[in-house]
Amino acid sequence: MAQAKISAKASEGAQQQQQQQQQSGGQLRGRFYRSTSMADRSSRLLENLDQLELRVEAFRDAASAMEQEKEILLEMIHNIQNSQDMRHISEGEREELNLTANRLMGRTLTVEVSVETIRNAQQQESLLHATKMIDEIVNKLLDDLEDAKIRLMSLYGACTSDVPAGPIDQKFQSVVIGCAIEDQKKIKRRLETLLRNLENSEKSITLLEHQKSSVRQSCNSKQD
């Protein structure tokens, strides 16, 4: 009888141990399956964010392109209004063309596009310094046009990877390097615009001087 009781207890203990192992294994398998599911979700979310990041960058690039297009349109309208051709037409035609140009400029200005650049404190300081250096030259344009052009070309040479045609402003280059990449591009575009305007101004001055010379020669011939 005692032996039978011992055997029964042993059998019961073995059954309980087996049940515990089965329960423990089920819990481990459940945790494993949950971990796999969480990893899959995390991977999908990360993939979605990666795709959105590409779209965000494309969106910013498109907005930047619109900013540049606005600048180009305004510059072209301004150049037409101040061109030599506008000075050599009748007053009535010039007035009508200016009205059209002003209308186009007004419509262009109604488009507001702004892409904010994320900067740290050092990049902000570098941008302010670079802007100040350009402004100082621009403010002295009327004093010495040729000197201003040379100085602007040296600043531009510091912003381009191409071999510069003249000297480079090393100080300005070190300042620009400290700016954010987007700001570096904007600084370069501003210098390009200034140099184009200077070149157009020089052409206008040269043409005007040539016309004055022709008028003087014509007057001298008539006097003779």
Side-chain angles (χ1 to χ4, degrees), residues 50 52-84 101-102 104-207:
D50 287 341
L52 285 172
E53 183 175 11
L54 294 175
R55 292 182 62 178
V56 168
E57 290 307 312
F59 173 65
R60 286 178 60 86
D61 290 342
S64 296
M66 290 182 66
E67 270 188 328
Q68 295 179 43
E69 179 65 11
K70 180 179 179 180
E71 293 173 3
I72 292 171
L73 288 172
L74 292 174
E75 182 184 352
M76 292 175 68
I77 295 170
H78 177 77
N79 288 340
I80 288 175
Q81 287 183 305
N82 293 276
S83 65
Q84 285 295 323
N102 288 332
L104 292 175
M105 184 171 291
R107 287 179 61 81
T108 304
L109 290 172
T110 60
V111 179
E112 292 291 340
V113 184
S114 178
V115 180
E116 297 296 331
T117 301
I118 301 174
R119 312 178 185 91
N120 56 35
Q122 181 181 355
Q123 290 171 336
Q124 180 68 28
E125 184 179 354
S126 296
L127 175 62
L128 292 175
H129 193 181
T131 302
K132 182 180 179 181
M133 293 177 72
I134 298 174
D135 289 343
E136 287 176 353
I137 299 175
V138 172
N139 292 334
K140 297 179 181 178
L141 273 175
L142 297 179
D143 297 336
D144 192 337
L145 193 64
E146 186 61 29
D147 179 67
K149 181 181 178 181
I150 294 173
R151 293 178 64 188
L152 286 174
M153 287 181 67
S154 70
L155 297 188
Y156 179 74
C159 298
T160 179
S161 58
D162 299 331
V163 179
I168 295 177
D169 191 314
Q170 300 290 343
K171 181 180 178 180
F172 184 74
Q173 187 176 52
S174 64
V175 172
V176 172
I177 290 175
C179 296
I181 298 297
E182 292 179 355
D183 288 329
Q184 292 180 21
K185 295 178 181 178
K186 290 181 179 180
I187 290 170
K188 182 180 178 181
R189 288 204 308 271
R190 184 188 179 190
L191 290 170
E192 288 173 344
T193 301
L194 287 169
L195 288 170
R196 278 198 306 273
N197 290 338
L198 275 178
E199 185 177 355
N200 292 332
S201 298
E202 286 181 334
K203 289 180 180 178
S204 298
I205 292 172
T206 301
L207 182 59

Within 6.0 angstrom of [X] [atom1], more than 12 heavy atoms from elsewhere:
X	atom1	value
Leu54	CG	yes
Lys185	NZ	no
Glu136	CD	yes

Can you list everything that forms a side-chain contact (heavy atoms from CB on, under 4.5 Å) with Val111? Sequence neighbours excluded, please.
Val113
Closest approach of Val115 and Ala63, non-hydrogen atoms and distance?
CG2-CB, 3.4 Å
Looking only at heavy atoms, which two atoms of Met105 and Leu74 are closest? And how far apart?
CG-CD2, 3.7 Å
Nearest 0.5 Å, what's the [atom1]-[atom2] distance between [X] and [Y]?
X	Y	atom1	atom2	value
Ser83	His78	OG	NE2	10.5 Å
Ile187	Ile134	CD1	CD1	5.5 Å
Arg189	Gln68	CZ	CD	3.5 Å
Leu109	Leu104	CG	CG	11.0 Å
Leu194	Leu141	CG	CG	7.5 Å
Arg151	Ile137	CZ	CD1	4.0 Å

Are Asn79 and Asn197 close enough, and set up right, to give a side chain to side chain contact (heavy atoms under 4.5 Å, CB included), and what steps lead you there?
CA-CA 8 Å; Asn79 288 340; Asn197 290 338; 3.9 Å; yes
Pair up each side-chain donor or acceptor in residues 167-182 with any protein partner under 3.5 Å, not counting sequence neighbours, and list the distances.
residue : atom : partner : partner atom : Å
Asp169  : OD1  : Lys171  : N            : 3.2
Asp169  : OD1  : Phe172  : N            : 2.9
Ser174  : OG   : Lys171  : O            : 2.6
Glu182  : OE1  : Arg60   : NH2          : 3.0
Glu182  : OE1  : Thr117  : OG1          : 2.9
Glu182  : OE2  : Arg60   : NH2          : 2.9

Hey, is Asp183 close enough to Arg190 for a salt bridge, meaning N to O under 4.0 Å?
no
Using distance only, find each side-chain donor-acceptor pair of residues 121-133 under 3.5 Å and give its atom names and separation, not counting sequence neighbours.
residue : atom : partner : partner atom : Å
Gln123  : OE1  : Asn120  : N            : 3.1
Ser126  : OG   : Gln122  : O            : 3.0
Thr131  : OG1  : Leu127  : O            : 2.8

